[in-house]
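Values in this document were obtained by computation on a predicted structure and should not be read as measured data. The first residue of the sequence shown is numbered 1, and numbering continues consecutively from there.
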Amino acid sequence: MDFLNNIEHRLIPVVVQMETSGFQIDKEKLLVLKEELVKTKEDIEKKYPINLKSAKQLREYMIGLGYKKELSTYLTYKQVPSTGKLALRTMLQTVPMAKDILVHREVSKLLSTYVEPMSQQDVWCGNFNQVGTMTGRFSSSKPNLQNIPSRSVLGKRVRECLR
């Protein structure tokens with residue numbers, strides 16, 4: 001009970017302040033990043049006559065190019081050759097388009113999940129949860145700020161747009 005009264009309850013005003021203040025968005029930096037990401041995505045899409053978001057079209061196209069053996073290293077749950085991240089990573093040295101597909105997926109995810117929503121506001125507010133994690137750490141939701149990639153160059157650039 002001491003923990004609840006001395007620590008948890010005392011944090012409530014701080015959490016409320018964090019949630020209402022949110023993160024300022026560096027719109028200038030964000031718009032530059034958005035333009036770069038959109039251009040990268042469009043440039044990759046122009047290279048291929050298929051919908052890169054369609055695993056089926058991608059698989060058929062890559063098999064048509066002669067990459068059936070490389071794709072068959074990993075199978076989906078339906079036992080068809082996989083175009084998933086793990087399969088594509090193993091092909092990076094031998095299949096030139098594998099890097100394009102991985103970059104396209106990362107850029108598409110960042111654009112739709114973070115960059116587009118952030119570009120429509122000046123402050124990004126979320127919920128900070130004091131409980132709910134096994135480690136006792138805070139978590140965030142709506143948006144989940146912890147899911148912004150921290151190891152990729154592009155993910156770091158998205159994070160830099162928040163102040």
Side-chain angles (χ1 to χ4, degrees), residues 22-23 25-121 123-163:
F23 292 90
I25 297 171
D26 186 334
K27 295 289 254 195
E28 232 175 83
K29 196 179 276 192
L30 183 69
L31 292 176
V32 168
L33 176 61
K34 182 178 177 180
E35 285 178 23
E36 288 177 31
L37 294 178
V38 167
K39 182 173 179 359
T40 299
K41 183 180 173 199
E42 289 172 351
D43 288 348
I44 292 171
E45 288 172 348
K46 287 177 188 173
K47 289 183 181 181
Y48 306 101
I50 58 166
N51 176 2
L52 293 176
K53 293 179 183 174
S54 168
K56 182 179 179 185
Q57 286 183 31
L58 182 58
R59 179 175 41 255
E60 290 171 359
Y61 181 73
M62 290 180 77
I63 288 172
L65 291 176
Y67 297 121
K68 184 173 184 171
K69 181 181 176 190
E70 290 86 344
L71 287 172
S72 297
T73 304
Y74 295 92
L75 301 176
T76 67
Y77 68 95
K78 292 183 178 180
Q79 299 302 304
V80 295
S82 174
T83 58
K85 189 176 193 175
L86 187 59
L88 292 170
R89 279 188 173 170
T90 61
M91 294 184 240
L92 282 173
Q93 301 301 321
T94 57
V95 180
M97 72 182 293
K99 182 177 181 184
D100 281 344
I101 297 162
L102 289 170
V103 169
H104 183 270
R105 288 179 180 171
E106 179 185 17
V107 166
S108 296
K109 175 72 174 173
L110 291 173
L111 275 169
S112 65
T113 307
Y114 303 107
V115 175
E116 289 291 340
M118 285 168 61
S119 68
Q120 297 170 11
Q121 22 196 328
V123 177
W124 219 24
C125 297
N127 298 331
F128 293 93
N129 312 304
Q130 284 178 264
V131 295
T133 63
M134 298 297 287
T135 60
R137 296 179 184 168
F138 275 86
S139 65
S140 68
S141 57
K142 299 178 186 177
N144 186 344
L145 299 169
Q146 295 151 298
N147 280 357
I148 300 173
S150 60
R151 292 188 180 106
S152 75
V153 172
L154 293 176
K156 287 178 184 174
R157 289 189 60 203
V158 172
R159 286 173 176 259
E160 288 171 2
C161 294
L162 297 170
R163 297 186 244 153

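Looking at Leu88 and Met62, their side chains come closer than 4.5 Å, going by heavy atoms from C-beta outward. Using a 4.5 Å cut-off on side-chain heavy atoms (C-beta onward), Asn147 and Tyr114 make contact. Between Ile63 and Arg59, some side-chain heavy-atom pair lies under the 4.5 Å cut-off. With a 4.5 Å cut-off on side-chain heavy atoms, Leu33 and Glu160 do not count as touching. Residues Leu71 and Met91 form a side-chain contact, since some pair of their non-hydrogen atoms from C-beta on lies under 4.5 Å apart. Side-chain contact between Val115 and Cys161 is absent, with no heavy atoms from C-beta onward closer than 4.5 Å. Between Val107 and Ile44, every side-chain heavy-atom pair lies at or beyond the 4.5 Å cut-off. A 4.5 Å side-chain heavy-atom check between Asn129 and Ser141 finds at least one atom pair inside the cut-off.
By the 4.0 Å N-to-carboxylate-O rule, Lys47 lies too far from Asp43 to be salt-bridged with it.
Under a cut-off of 6.0 angstrom, the local environment of NZ in Lys27 is crowded, with over 12 non-hydrogen atoms contributed by other residues, nucleotides or ligands. Residue-environment remark: CZ (Arg159) exceeds the threshold of 12 foreign heavy atoms within 6.0 Å.
Residues Pro81 and Ser72 approach most closely at CG-OG, 3.8 Å, considering heavy atoms. Taking each heavy atom of Phe138 and Gln146 in turn, the nearest pair found is O-NE2, 3.3 Å. Residues Pro117 and Ser112 come closest through the heavy atom pair CD-O, 3.5 Å. Summarising the geometry of Gln57 relative to Asn51, their closest heavy-atom pair is OE1-N, 2.9 Å, with the distance given to 0.1 Å. Heavy-atom minimum distance, Ser119 versus Lys34: OG-NZ, 3.5 Å.
Checked by atom type and distance alone, the side chain of Glu45 never pairs as donor or acceptor with a backbone atom of His104 at under 3.5 Å. Formation of a donor-acceptor pair under 3.5 Å by the Tyr67 side chain with backbone atoms of Thr94 is not found in this model. No donor-acceptor pair under 3.5 Å is formed between the side chain of Thr83 and the backbone N or O of Leu58. When atom types are taken as modelled, the side chain of Gln79 and the backbone of Leu75 share no donor-acceptor pair closer than 3.5 angstrom. No donor-acceptor pair closer than 3.5 Å links the side chain of Lys142 to the backbone N or O of Cys125.
Under the 30°/60° scheme for interplanar angles, the aromatic rings of Phe128 and Phe23 are found to be tilted.
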Exercise. Check step by step if side chain to side chain contact (heavy atoms under 4.5 Å, CB included) holds for Val158 and Met118.
Key: CA-CA 10 Å; Val158 172; Met118 285 168 61; 4.2 Å; yes
Practice problem: Please assess Leu110 against Glu106 for the test side chain to side chain contact (heavy atoms under 4.5 Å, CB included), listing each intermediate value before the final yes or no. | Solution: CA-CA 6 Å; Leu110 291 173; Glu106 179 185 17; 4.0 Å; yes
Exercise. Assess whether side chain to side chain contact (heavy atoms under 4.5 Å, CB included) is satisfied between Ile148 and Leu162, documenting all intermediate values.
Key: CA-CA 11 Å; Ile148 300 173; Leu162 297 170; 4.0 Å; yes
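Taking OH of Tyr74 as the reference point, atom NZ of Lys85 lies at 13.5 Å (rounded to 0.5 Å). We find the CZ-NZ distance between Arg151 and Lys156 to be 9.5 Å, quoted to the nearest 0.5 Å. With rounding to the nearest 0.5 Å, the separation of CD1 in Ile25 from CZ in Arg163 is 9.5 Å. Leu145 CG to Ser150 OG: the interatomic distance, rounded to the nearest 0.5 Å, is 12.5 Å. With rounding to the nearest 0.5 Å, the separation of NZ in Lys68 from OG1 in Thr73 is 12.5 Å. The distance from the CD1 atom of Ile50 to the CD atom of Glu60 is 9.0 Å, given to the nearest 0.5 Å.
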